[in-house]
Amino acid sequence: MSEEKSLNFLEEIVETDLKNGKYKSIITRFPPEPNGYLHIGHAKSICLNFGLAKDYGGRTNLRFDDTNPVTEDTEYVESIKEDINWLGFDWSNEFYASDYFDQLFIHAVTLINKGLAYVDDSSAEEIARLKGTPTEVGKDSTYRSRSIAENIVLFNEMKEGKYKDGEKVLRAKIDMSHTNMLMRDPIIYRIKHAHHHRTGDKWCIYPMYDFAHGQSDSIENITHSICTLEFIPHRELYDWLIYQLETFPSHQYEFARLNMTYTVMSKRKLLQLVNEEHVSGWDDPRMPTICGFRRKGYTPLSIRNFCEKIGVAKRENLIDLSLLEFCVREDLNETAKRVMVVLDPIKLIITNYEEGKTEELHSENGPDETMGSRALPFGRELWIEREDFMEEPAKKWFRLAPGAAVRLKSAYIVKCESFEKDDFGKIISIHCSYFPDSKSGNDTSGIAVKGTIHWVSVAHAKTAEVRLYDRLFQVENPSAEEGDFKEYINPNSLEIISQAFIEPSLEKAAKDDRFQFIRKGYFCLDKDATADKLVFNRTVTLKDAWGKMKI
RNA sequence: UGGGUUAUUGUGUAAAGGUAGCACUACAGAUUUUGAUUCUGUCUGUCUAGGUUCGAAUCCUAGUAACCCAACCA
């Protein structure tokens, strides 16, 4: 018996529709507005839409919802396409809502001819006032009773450019006392004398979201139009338009958007972070954008796995950042090359090791033997991590301390004999003796040590800048806190180590390489790296049981 | 004083009247030349109150809480 995999509610809907023969195959769509960069919340939607089609043998269109020329730009179109591809998905068609402007105009005329739409000359303020409130019914506009013929003339004049922005709108004629605010004669066309990134200056009237989006779905024969919870009230209008226009009956289904701890997910807030320079840009590795995660070193697989693990449902959620971190560690643990880098150096001198001597040692590149090994130069003087030495060792301390011995990874066991301090009491060097017969691979010393530390040969070390990223916010849910969310920005979200010591093999680091700096975390090369200056980003730390114990 | 949606451990997500499961987190232990990985184990849950039933997370009734809706944004 094969274990029955439990389905999320959307998969159940699709399976039922397919089983009942409602559709022969499904078509979904991912409908970004090209006015910003994609974030991890979009990744959830992408995985859902493309994943559903992939799992059930359907297709997915990429459709840019470009009905507001004022805020949209081709720059965003390109970045969105890049991000979707990077995540590992391909679309069946690349469409634009603006491709349908002619058809949408005809649909609008149809509504007018059916007496279901009218041109309103009221100001925005007046329209808002007459709309009422959720608890108070609206009132009809005085223009609501215009004749069909007059509406046709006026709407065409709107299209011809006879009116200025805001002078007139086209509204659906539904019900000003409807309990659903969206059904109170929603605006479906407005005048905007603006240049559109695709249609140029052909149009000066543009359809509103509810009109354009739903009918674009119909035009593309989208079977399952999946969106987030806040669009639930829109569904009634979505269905009304399909019914009145007698177009393909696409159906809208809603799921809860992704929220994650220690970050914000709204486009508006992310834009603020960029504009007010709290981060370096949309692809700042601290941003929850897809390009931010990419630059930080996250893999497409890890993000897809994350989207799989968080599930899909209709209740508000706040996902632990630790789950995402688990996913990226899970992937990188298997694939990242192990290397040694010392971030906060202190010099270790092996007093009984011949001066000027160099040995070539070897170390495994990863847990899987097929990853091979690499040469590692070893000498009398080494850089080790400052935090790996304690003058007065804590209990359960496995690392270096006066009189204590540790294994130097892939090298020898050393024992601390003494250490030196400068005038300020800062330790500047540690003197050790080594056991020649403890060499890694053929250790005959019989000495057992509890700790193993990483190191880099002073004589062979190269340098690099290393950027250590931490969570962008200090609180779990900055959006839910009192006051401005930016008050909760973590002031220590970026620590730059301008000169870390790296093992020589890292000089050949390439763009898509992933590394584990042993005992320190996963890292990748940053786009700022040049031939003269390497720059690494920390993708994520390793789990740190000792670090937790200390607290 | 309206309408809509949702409620299962710290966080997510399953269970379609029949043993509340899985993952992350946390904690404990084993292994470890990364205090990583791996392995083993432990803790915590059905919003509340009634009802129906042999049996309720699931059905009924009444509450409660959270989120969404008053852009010529999407």
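Within every chain, numbering begins at 1; the chains are lettered A, B, ... in the order of the sequence lines, protein sequences first and strands thereafter. Nothing here was measured: the structure is a model prediction, and the numbers come from that model.
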In whole Å, measure the gap between the P atoms of U9(B) and G21(B) for me.
13 Å

Name the one of Tyr37(A), Phe64(A), Trp282(A) that satisfies ring pair (Phe, Tyr, Trp, His ring centres under 6.0 Å) with Tyr76(A)?
Tyr37(A)

Assign Asn180(A) to base, sugar-phosphate, or nothing according to its heavy-atom contacts below 4.0 angstrom with the strands shown.
nothing

When rounded to the nearest Å, what value does the distance between C1' atoms of C47(B) and U8(B) take?
10 Å

NA contact type, Phe398(A), heavy-atom cut-off 4.0 Å: base, sugar-phosphate, or nothing?
base

Under the side-chain hydrogen bond (donor to acceptor under 3.5 Å, both in side chains) test against Arg374(A), which residue among His362(A), Glu503(A), Glu364(A) passes?
Glu503(A)

Please work out if Arg338(A) contacts a base, only the sugar-phosphate, or nothing of the nucleic acid, heavy-atom cut-off 4.0 Å.
base

Heavy atoms, side chains only, cut-off 4.5 Å: are Arg338(A) and Met371(A) in contact?
no

Please give, in whole Å, the distance from U6(B) C1' to Leu318(A) CG?
16 Å

Categorize Ile319(A) for me: base, sugar-phosphate, or nothing, with a 4.0 angstrom heavy-atom threshold over every strand shown.
sugar-phosphate

Has Lys168(A) got its NZ or CZ under 6.0 Å from the middle of the six-membered ring of Tyr163(A), at an angle within 45 degrees of the ring axis?
yes

So what's G55(B) paired with, Watson-Crick or G-U wobble, going by both distances under 3.5 Å?
none

Spacing of Met371(A) atom CE relative to U37(B) atom C1', expressed in whole Å
13 Å

Taking the same atom, P, in U25(B) and in G63(B), what whole-Å distance lies between them?
42 Å

Mind checking Leu323(A) for me? I need base, sugar-phosphate or nothing, with any heavy atom below 4.0 Å counting as a touch.
sugar-phosphate

Could you check which nucleotide pairs with G17(B) in any of the strands shown, counting Watson-Crick or G-U wobble with both distances under 3.5 Å?
none

Which base sits across from C43(B) as a Watson-Crick or G-U pair, both distances under 3.5 Å?
none

Side-chain donor/acceptor of His234(A) to base of A74(B), under 3.5 Å
yes

NA contact type, Leu542(A), heavy-atom cut-off 4.0 Å: base, sugar-phosphate, or nothing?
base

State which of C69(B), C72(B), G35(B) makes the closest approach to the side chain of Ile187(A).
C72(B)

With the six-membered base ring of A74(B) as reference, does the ring of Tyr209(A) sit under 5.5 Å away with planes under 30° apart?
no

Mind checking Gly138(A) for me? I need base, sugar-phosphate or nothing, with any heavy atom below 4.0 Å counting as a touch.
nothing

Give Gln516(A) one of three labels, base, sugar-phosphate or nothing, depending on what nucleic acid heavy atoms sit under 4.0 Å from its own.
base

Contact class for Thr261(A) (heavy atom, under 4.0 Å): base, sugar-phosphate, or nothing?
nothing

U64(B) and A26(B), which share atom name P, separated by this distance in whole Å:
38 Å

Assigned partner base of G50(B), Watson-Crick or wobble definition, under 3.5 Å
C60(B)

Report the base-pairing partner of A65(B) (Watson-Crick or G-U wobble, both distances below 3.5 angstrom), or none.
U6(B)

Is a donor from one side chain sitting under 3.5 angstrom from an acceptor on the other, for Asp437(A) and Ser445(A)?
no

Can you say whether a donor on the side chain of Arg519(A) sits under 3.5 Å from an acceptor on the base of G35(B), or the other way round?
no

Atom C1', compared across G55(B) and C59(B): separation rounded to whole Å:
13 Å

Expressed in whole Å, how much space separates the C1' atoms belonging to U46(B) and U19(B)?
15 Å

Whole angstroms only, please: what is the CE-C1' distance between Met208(A) and A70(B)?
14 Å

Rounded to whole Å, please give me the gap between CG in Asn317(A) and C1' in G12(B).
7 Å

Does Ser322(A) contact U25(B) through a side-chain donor or acceptor facing the base, at a distance under 3.5 Å?
no

Check: U33(B) base within 3.5 Å donor-acceptor of Arg407(A) side chain
yes

Arg190(A) has an atom CZ; how far is it from atom C1' of A74(B), in whole Å?
9 Å

Answer yes or no on whether Arg198(A) is positioned over the face of Tyr96(A), meaning its NZ or CZ is under 6.0 Å from the six-membered ring centre and within 45° of the axis.
yes

When the P atoms of U53(B) and U58(B) are compared, how many Å lie between them, rounded to an integer?
16 Å

Spacing of the C1' atoms in U44(B) and U32(B) (rounded, Å):
31 Å

